[in-house]
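Ligands are counted one by one from 1 in listed order, and the atoms in each one are counted from 1 as well. The structure displayed is predicted, hence computed values, not measured ones.
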Amino acid sequence: MPESPRRPLDRFPRRELLAGAAALAGLTTVGLLPGTASAAGQRPGAARGPAPTPGDTAVTTRVSARRALRHLRVLSDDIGWRVTGTRREHRAAHYIAGTLRDLGYTVELQPFSVPDKKLAELRAGGEHWQSAAATLGAAGRAKGRVTDLGEATEVTADLTGRIALFTRVPGKEQAQAQAAAAKGARAVLIVNVRSTTYPERKAATFFPALEAPVQVPVLGLAEHHGELIREGVRALSLEVTAHTGLTSHNVIAERRATRPNPGGRAVIVGAHYDSVPGSPGGNDDGSGTALCLELARATRRLPTQQDLRFCLWGAEELGLVGARHYVKGLDDAAAARITGCFQNDMVATSHPAADTYWLLSVDGKPNTTTTAIAGAAERLGYTGRTKGPAARGSSDHEAFHERGIAAGNFSWRGEAPSQLEPVYHTPEDTVEGNISLERLQISLELIGCAAYDVALNG
Ligand code: BES
Ligand code: ZN
């Protein structure tokens, strides 16, 4: 996606990294870059010195946020919007499956159906954006100059040949779209507004809920795209595509235990690789996906008593569809063999206030996964930076919890678990704007050491 030009890797978040490290513990510089910290020394961003087990050291000497970042750039910068069932989500699935196969894993692509949808791509100058489009609006192309009608719900001006731009008035989308179409507009763009529940979050793209068909395309734009248009886009072109008969996939990669495993037990490390429309899903959840790929590499030859399974879910943003499909396909014996599912969702934001690594379980109670993370945090010296377990679902761990499997969700958030970065679910969730290498490294180490501890000893 041309929206965020690539920066050279070595220039990437060095400034932020150093500032973060200095603020945390007065740490010196070069030796603390992720992936270069000494295994015996203090971890980057840790509050105090570590007491690692040999298993921890095997993980922390191997995992590197910089390596994970290469995967994240492919997923978020190159592939971009990974909306479930679309071509770009498929490209991501194939990239993930290929990477894991090359690492020696046995990989299965598990298909399932997902609902039809209309999506739009817009071009203005050199920009290329995606937005959601109303099911009851038209598909096809439109091109024209933009007329900004603000919060109007009635239109008197002639809009022949124009693209009408509105600010969303919730509940009035039908009136806005119909009024503009009746005055000759070629397409209708409705810019989303923030919710009253989370006013600090920028508004994402949305599917305008029309009550009756409108004869032109009707798009629900993210606040960011509305801002960019209003800052000086005079004309644009767009195309709405009706996506039907869609299939999404879970990517399931397994590596058998190297030691006797008579119970056939397995540890799952997972993330979802789809993103919401319009968002390149840098932190949500390119970060968790990249973490899984790097951890799969780092642990592939380490001895274990349990199988290690890396699961990358499709269609999470649609309502945990991929993870629920997977869990449904397990018979009771297979479900009972899973000792825990470590779910990684939003594990690297650079939003300054999201400085707490949260341990979340659906019921708020500790389980194998949250206890293993708390133990790893203690051993690595990260306890001051973690909170929980606290109660929260709304990500793939919920599917496992519902089936009676120990599961936790792990992510960087603010003081309260509801405090997410302002660019959550928006086009601005980019590698350049929303990824901290330092936090990604801590996430890699915590998940790596905890999951490996369970796989080796548990
Ligand atoms: N990554 C988000 C938010 C999140 C992270 C929730 C970690 C819980 C733990 C997730 O992808 C998301 O957007 N979830 C939806 C609900 C889901 C059922 C579609 C949400 O929170 O609105
Ligand atoms: Zn997510």
Under 4.0 Å between heavy atoms, the region of Glu317 that gets near ligand 1 turns out to be both
Under 3.5 Å donor-acceptor, Thr57 side chain and Thr53 backbone: yes
Is a donor on one side and an acceptor on the other found under 3.5 Å between the side chain of Thr289 and the backbone of Ala271? no
Kindly confirm or rule out a cation-pi arrangement of Arg413 over Trp358, judged by NZ or CZ under 6.0 Å from the six-membered ring centre and within 45° of its axis? no
So does Arg123 pair up with Glu239, basic N to acidic O under 4.0 Å? no
At a 4.0 Å cut-off, with the gap strictly under it, does some heavy atom of Gly393 reach an atom of ligand 1? yes
So is Asp284 close enough to ligand 1, meaning a heavy atom under 4.0 angstrom away? yes
Could you tell me whether some N/O pair between Arg392 and ligand 1 is separated by less than 3.5 angstrom? no
Please confirm whether His272 comes under 4.0 Å of ligand 1, counting heavy atoms of the residue only. yes
Atom 10 (C) of ligand 1: closest protein heavy atom, distance to 0.1 Å, is Glu316 OE2, 3.3 Å
Can you tell me if Gln343 contacts ligand 1 (heavy atom of the residue under 4.0 Å from the ligand)? no
Exercise: identify the closest heavy-atom pair between Ala348 and Leu440: CB-CB, 3.8 Å
among protein heavy atoms, the one nearest atom 17 (C) of ligand 1 is Ser394 O, 3.9 Å
With the Zn ion (ligand 2) at the apex, how many degrees lie between OD1 of Asp284 and OD1 of Asp345, rounded to 10 degrees? 90°
With nothing but distance in play, are any N or O atoms of Asp345 less than 3.5 Å from an N or O of ligand 1? yes
Strictly distance-based, threshold 3.5 Å: is any side-chain N or O of Glu421 a donor or acceptor partner for the main-chain N or O of Thr349? no
Do Tyr382 and Tyr357 have their ring centres less than 6.0 Å from each other? no
Hey, is ligand 1 close enough to Ser395 that some N/O pair sits below 3.5 Å? no
Provide, to 0.1 Å, the distance between atom 3 (C) of ligand 1 and the closest protein heavy atom, together with that atom's residue and name. Tyr424 OH, 3.3 Å
Does Lys118 reach the main-chain N or O of Gly137 with its side chain, forming a donor-acceptor pair under 3.5 Å? yes
His272: its N/O/S atom lying closest to the Zn ion (ligand 2) (atom name): NE2
Heavy atom under 4.0 Å from ligand 1: found in Arg413's side chain, backbone, both, or neither? side chain
Please identify which atoms of ligand 1 are closer than 4.0 Å to at least one heavy atom of Met346. 1 (N), 2 (C), 3 (C), 5 (C)
In short, Ala138 meets Val240 closest at the heavy-atom pair O-CG1, 3.7 Å
Any salt bridge linking Glu317 with Lys117? Criterion: basic side-chain nitrogen under 4.0 Å from a carboxylate oxygen. no
Please check whether Asn409 reaches ligand 1 - meaning an N/O of the residue sits under 3.5 Å from an N/O of the ligand, judged on distance alone. no
Provide the number and element of each atom of ligand 1 under 4.0 Å from a heavy atom of Leu320. 18 (C)
So, the side chain of Gln441 versus the backbone of Ala65: is there a donor-acceptor pair under 3.5 Å, distance only? yes
